[in-house]
Amino acid sequence: MRRDIAAEKEKIMDSIYSFTVKDGKGNDVPLKNFEGKVMLVVNTATGCGFTPQYKGLEELYEKYHEKGLEILDFPCNQFAGQAPGTNEEIHEFCTLKYKTQFPQLAKINVNGADESPLYTFLKKQKKGVMGSKIKWNFTKFLVDRQGNVVSRFAPTDTPEKIDSKIAALL
């Protein structure tokens with residue numbers, strides 16, 4: 001796997017649409033499929049103090065999906081082991097407890113040598129208070145319809161707090 005990640009990082013990735021990620025079942029999901037949509041890309045965890053944000057994320061999805069919003073949920077176990085379990089177990093937890101309907105993708109790393117190439121790209125586009133490093137789960141990246149990363153939000157920025165920024169892009 002490390003070789004695949006290194007090879008992917010070496011490619012010239014000048015657009016978010018250049019990336020392909022995996023869904024929870026291991027199938028390829030080209031981000032080109034979301035071209036023309038507003039995307040909110042979030043690294044999540046099921047055992048985190050911010051986990052209740054799933055409720056707000058689902059509310060945003062229900063409110064704006066028909067207008068062109070996609071929420072891409074990437075579980076991440078890098079922060080205090082707060083996303084244990086398989087992709088399937090995480091998906092079941094989210095759909096049962098928070099009734100999530102937005103795309104949940106395969107568990108990834110967002111920092112370090114094995115970080116997802118998508119996150120390497122996102123962090124290069126918008127730095128946070130810790131530079132490019134992701135501080136914790138529920139860091140959010142907002143991408144406009146043209147594929148530009150326009151905002152980065154801290155884990156403490158609730159979905160409700162960023163609603164107006166999403167609405168402005170739709």
Side-chain angles (χ1 to χ4, degrees), residues 1-31 33-34 38-54 56-57 60-61 70-91 93-94 98 100 102-144 147-159 161-162 165-166:
M1 174 143 160
R2 185 177 277 256
R3 176 178 284 154
D4 291 342
I5 290 173
E8 193 75 10
K9 284 182 181 179
E10 300 241 346
K11 289 183 188 176
I12 296 173
M13 299 293 189
D14 59 354
S15 165
I16 196 164
Y17 304 126
S18 303
F19 295 92
T20 297
V21 296
K22 298 282 186 188
D23 68 15
K25 295 182 180 180
N27 300 309
D28 285 345
V29 178
L31 293 189
N33 292 353
F34 302 103
V38 171
M39 291 183 280
L40 187 64
V41 181
V42 188
N43 63 300
T44 61
T46 54
C48 175
F50 298 117
T51 300
Q53 286 189 26
Y54 270 118
L57 290 170
L60 287 175
Y61 188 75
E70 288 292 346
I71 295 175
L72 304 182
D73 173 6
F74 290 94
C76 178
N77 198 40
Q78 279 190 290
F79 305 100
Q82 294 182 339
T86 65
N87 287 323
E88 192 173 278
E89 290 167 335
I90 292 168
H91 180 72
F93 170 85
C94 293
Y98 295 102
T100 58
F102 47 82
Q104 188 170 66
L105 299 143
K107 193 187 298 189
I108 62 166
N109 287 336
V110 297
N111 289 324
D114 291 329
E115 75 185 27
S116 162
L118 171 62
Y119 268 78
T120 303
F121 173 81
L122 291 168
K123 294 186 306 182
K124 232 182 239 184
Q125 301 300 306
K126 289 290 177 198
K127 296 193 182 332
V129 294
M130 294 177 54
S132 63
K133 190 173 178 163
I134 300 292
K135 183 177 180 177
W136 206 258
N137 284 309
F138 289 90
T139 297
K140 303 156 202 72
F141 291 89
L142 185 59
V143 180
D144 70 14
N148 302 305
V149 182
V150 295
S151 297
R152 176 176 172 164
F153 302 98
T156 53
D157 292 325
T158 65
K161 185 176 176 180
I162 63 175
K165 296 202 185 303
I166 292 169

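As a basis for the values below, the full set of heavy atoms in this structure was taken, side chains included, without hydrogen atoms, waters or symmetry mates.
Taking every heavy atom of both residues into account, Lys123 and Val110 meet most closely at NZ-O, 2.8 Å. When every heavy atom of Leu57 is checked against every heavy atom of Pro159, the shortest pair comes out as N-CG, 3.6 Å. The heavy-atom pair separating Ala45 from Asn137 by the smallest distance is CB-ND2, 3.2 Å. Minimum interatomic distance between Cys76 and Asn43 (heavy atoms only, all atoms of both residues): CB-CB, 4.2 Å. For the residue pair Lys107 and Ile90, the shortest heavy atom distance occurs at CE-CD1, 3.6 Å. The heavy-atom pair separating Phe121 from Ser15 by the smallest distance is CZ-C, 3.8 Å.
Paired with Lys22 under the rule side-chain contact (heavy atoms from CB on, under 4.5 Å), one option of Asn27, Asn87, Asp28 passes, and it is Asp28.
In this structure the side chain of Phe141 never reaches within 4.5 angstrom of the side chain of Gln125, judged on heavy atoms. Side-chain contact between Pro75 and Gln104: present, with at least one pair of heavy atoms (C-beta onward) separated by less than 4.5 Å. Between Phe138 and Phe153 the shortest side-chain heavy-atom distance does not fall below 4.5 Å. At least one side-chain heavy atom of Leu72 sits less than 4.5 Å from a side-chain heavy atom of Leu105. In this structure the side chain of Ser116 never reaches within 4.5 angstrom of the side chain of Phe19, judged on heavy atoms. Using a 4.5 Å heavy-atom threshold, the side chains of Cys94 and Thr46 count as touching. Tyr119 is listed as a side-chain neighbour of Val41, based on a closest heavy-atom distance under 4.5 Å. Between Arg152 and Ile134, the closest side-chain pair of non-hydrogen atoms falls below 4.5 Å.
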Checklist entry - Please walk me through it: do Thr139 and Phe79 pass side chain to side chain contact (heavy atoms under 4.5 Å, CB included)? => result CA-CA 12 Å; Thr139 297; Phe79 305 100; over 6 Å; no
Does the pair Leu118 and Ile108 meet the rule for a side chain to side chain contact (heavy atoms under 4.5 Å, CB included), with working shown?
-> CA-CA 10 Å; Leu118 171 62; Ile108 62 166; over 6 Å; no
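Taking Asp73 as the reference, nothing meets the salt bridge (Lys or Arg N to Asp or Glu O under 4.0 Å) condition, with sequence neighbours excluded. Tyr61 is linked by a ring pair (Phe, Tyr, Trp, His ring centres under 6.0 Å) to His65, Phe102, counting only residues two or more places apart in sequence or in another chain. With sequence neighbours excluded, the residues that form a side-chain contact (heavy atoms from CB on, under 4.5 Å) with Asn148 are Asp144, Gln146, Val150.
Side chain of Gln53 to backbone of Pro155: a donor-acceptor contact under 3.5 angstrom is found. Distance alone, capped at 3.5 Å, places no donor-acceptor pair between the Glu70 side chain and the Phe34 backbone. No side-chain donor-acceptor contact under 3.5 Å links Asn109 to the backbone of Glu115.
To the nearest 0.5 Å, atom NZ of residue Lys25 and atom NE2 of residue His91 are 7.5 Å apart. Rounded to the nearest 0.5 Å, atoms OG1 (Thr44) and NZ (Lys140) are 10.5 Å apart. In this structure, CZ on Phe93 lies 15.5 Å from CD on Glu88, to the nearest 0.5 angstrom.
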